Every structure is written in structure tokens, then in C-alpha cells.
Amino acid sequence: MTTPSRLVPVVFRALVCAAAVVGPVIECAYGSVPVVLSYFTIWTNILVAFVLGLSAARAWRRRPDVAPLYRGGSRTSTG
């Protein structure tokens, strides 16, 4: 049995992080930044991008994943 590659979860988490960052960046580019940052959806995108970016970086460095409290909290706030 072979060990699973760490590249697949790192790439997946990095892509989700990038997708979560693109939304707020586009909104801030076309709208007023204070108004855009007043939306809950923008803050949840920023939270998901931060948690998954941190998770991707930790997986790349072969460190333990982000605590379940933070992963669950970011998924709960977006649901």
C-alpha cells in the first residue's frame, strides 16, 4: 500500500483558498470598500480563505492540520 501524496490536499486547499479570496477582491475593486466589508458573506469568504490557506501551508510543511475548532467554526459560519 502506498502512502497518499500530500500534494493533492495541498493543491485542493490552495485552490479553495484562492477562490475564496477572488470574491472579496472583485467586490472591493468594483464597489466601495467599507460597504463591501459590511457584508457577512465577504467576511465568511475571508475566514474560509484564511483557514484553508493556513491548512494548506501546514500540510505542505508536513505539520499537523489546523485545529478542528477553527475548521469547524469556519464551516459552521458559512452554512
Side-chain angles (χ1 to χ4, degrees):
M1 192 165 161
T2 62
T3 60
S5 172
R6 68 178 179 179
L7 186 61
V8 174
V10 169
V11 169
F12 177 75
R13 291 171 186 169
L15 286 174
V16 172
C17 176
V21 167
V22 167
V25 168
I26 290 173
E27 288 293 324
C28 287
Y30 289 112
S32 172
V33 175
V35 172
V36 168
L37 291 178
S38 69
Y39 293 118
F40 178 75
T41 306
I42 299 298
W43 282 106
T44 56
N45 278 4
I46 293 169
L47 176 67
V48 167
F50 177 75
V51 169
L52 284 175
L54 183 63
S55 180
R58 291 178 67 93
W60 181 254
R61 294 183 186 128
R62 293 186 180 171
R63 297 195 58 197
D65 200 7
V66 179
L69 177 69
Y70 300 122
R71 286 184 290 142
S74 67
R75 291 183 186 137
T76 302
S77 69
T78 60

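Note that these values count all heavy atoms, side chains included, but never hydrogens, waters or copies made by symmetry. Since we're looking at a predicted model, the values are computed, not measured.
Between Tyr39 atom OH and Asn45 atom CG the span is 14.0 Å, to the nearest 0.5 Å. Here Leu37 contributes atom CG and Cys28 contributes atom SG; the two are 5.0 Å apart, rounded to the nearest 0.5 Å.
Counting only heavy atoms from C-beta outward, the side chains of Trp43 and Leu47 never approach each other to under 4.5 Å.
Hydrophobic cluster membership differs between Ile46 and Val22, with clusters built from Ile, Leu, Val, Met, Phe, Trp and Tyr side chains linked at under 4.5 angstrom. When hydrophobic clusters are built by joining Ile, Leu, Val, Met, Phe, Trp and Tyr residues whose side-chain heavy atoms come closer than 4.5 Å, directly or via intermediates, Val11 is not grouped with Leu52. Phe12 and Val48 fall within a single hydrophobic cluster, where Ile, Leu, Val, Met, Phe, Trp and Tyr are joined by side-chain heavy atoms under 4.5 Å apart, directly or via other members. Linking ILVMFWY side-chain heavy atoms closer than 4.5 Å, directly or via other members, places Leu15 and Val21 in two distinct hydrophobic clusters.
Taking each heavy atom of Ala20 and Ala49 in turn, the nearest pair found is CB-CB, 3.8 Å. Ala56 approaches Ala14 most closely through the heavy-atom pair CB-N, 4.1 Å. The heavy-atom pair separating Ile42 from Pro24 by the smallest distance is CG2-CB, 3.9 Å.
Sorted by first and then second residue, the side-chain hydrogen bond (donor to acceptor under 3.5 Å, both in side chains) pairs involving residues 50-62 (not counting sequence neighbours) are Arg13-Ser55, Ser55-Asp65.
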